[in-house]
Asks: 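So that we are looking at the same thing, I have put the structure below in structure tokens.
Indexing begins at 1, ligand by ligand and atom by atom, following the structure's order.
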Amino acid sequence: MISSFVPKRVYFEPAALDYPLGVRLKELFSRMGIEIRETSSHNRVTGIPGSTPQEAYAEGKRTLVVGVRRSGEFQTCKPSAHYQLPLVTSCPGKCQYCYLATNMGKKPYVRVYVNVDEVLTRAKEYMLARAPETTLFEGAATSDPIPVEPYTHALRSAIEFFADQELGRFRFVTKFTEVDTLLGAQHKGRTEIRFSLNCNPVIRKYEHGTPNLEARVEAASKVAAAGYPIGFLIAPIILLEGWQEEYRTLLETLADKISEQDPNQLSFELITHRFTPRAKKLITKVFPNTDLDMDESKRKFKYGQFGYGKYVYPDDSKDAAREYFKGLLARHFPGAEVKYFV
Ligand code: SF4
């Protein structure tokens, strides 16, 4: 199997077939016996089945749309980068608390663009406009781009493009493991690959359709061995029963596998679980039996920087978690950069 993601149906915009990648993908998915459909626009895709919120979500996640990125404008991407690099949207994973869920609509289909070279040419213009400053691009702002990578090789093209850019850097984050096609890419240390990790009980309960911790750590160790700068996002940290032991196991598993890596090249970002009223509504629609802790009475309400409020852990629980992680990281990864704990 090329990827753990095998779509049930693939839509093509007619214009996608004007590009070699579009033609190659159509041939590939036809050979795989996957249903091929046509859509006049990659933004308005009709005919994906699903009459209940759960079915609509599941069918959306099994649908791939192949289109052409027409807008020349890139979205900004503060604080993780200057701009988003638009290559993929959505992802076949079904994490209950997906940070993209509120933006993806009822049928969150996966979308790839075939005009990768045009997107990269545009990225170059953004870099030149900011010269002599270095410009950072984020490849996972609206997606997890790894599950489709074995089909499109878009990340590989971007990595090799940025390897030649004095003024550009690239980064993306993933929970997935299809990294093999990236290992031989010429990257010159200009792309940072981050892995989003969690302890196995959280992965099993809430991150449906994603690889387990050991598989993610294995993928990270391969990427580290290929010389990429790597980072880890531990998110969302959920203070479920026995959380200390579970997150200790996570960091021990990680330390075992990537002990060879220069700790000064590692970074960590730590994010405790939070939810907005809107996200809670959506999650309980798609996952009516969820036991994800979203009890407002046990949380603190906090106004976010983007104007909407969210429920975070109260200060005492959050402080306890911060201290605990600080200790674990100092023991297992002295020298690694801890970018933030929120
Ligand atoms: Fe969302 Fe990331 Fe989970 Fe995909 S892997 S569903 S993008 S949180």
Asks: One residue to check: Q96. Relative to ligand 1, which of side chain, backbone, both or neither has a non-hydrogen atom less than 4.0 Å away?
Replies: neither
Asks: Using a 4.0 Å cut-off to any heavy atom of C98, which atoms of ligand 1 qualify?
Replies: 1 (Fe), 6 (S), 7 (S), 8 (S)
Asks: Starting from atom 6 (S) of ligand 1, find the nearest protein heavy-atom neighbour and note its residue, name and distance.
Replies: G93 O, 3.3 Å
Asks: Give the atoms of ligand 1, by number and element, whose distance to some non-hydrogen atom of K61 is under 4.0 Å.
Replies: 6 (S)
Asks: Counting only heavy atoms not in K188, do more than 12 fall under 6.0 Å of its NZ?
Replies: yes
Asks: Counting heavy atoms only, which of L100, I146, V88 comes nearest to atom 7 (S) of ligand 1?
Replies: L100
Asks: Check whether NZ of the Lys or CZ of the Arg R122 lies under 6.0 Å from the centre of the six-membered ring of Y126 and within 45 degrees of that ring's axis.
Replies: yes
Asks: Look at ligand 1 and say whether H208 reaches it with a heavy atom at a distance under 4.0 Å.
Replies: no
Asks: Check ligand 1 against K175 and write out every atom of the ligand that is under 4.0 Å from a heavy-atom position of the residue.
Replies: 2 (Fe), 5 (S), 8 (S)
Asks: Take I237 and Y313 through the test side-chain contact (heavy atoms from CB on, under 4.5 Å) and record every step on the way to the result.
Replies: CA-CA 10 Å; I237 295 168; Y313 283 114; 6.0 Å; no
Asks: How about CD on E125, more than 12 heavy atoms from neighbouring residues, nucleotides or ligands closer than 6.0 Å, or not?
Replies: yes
Asks: Within the 4.0 Å heavy-atom shell around C91, which atoms of ligand 1 are there?
Replies: 4 (Fe), 5 (S), 6 (S), 7 (S)
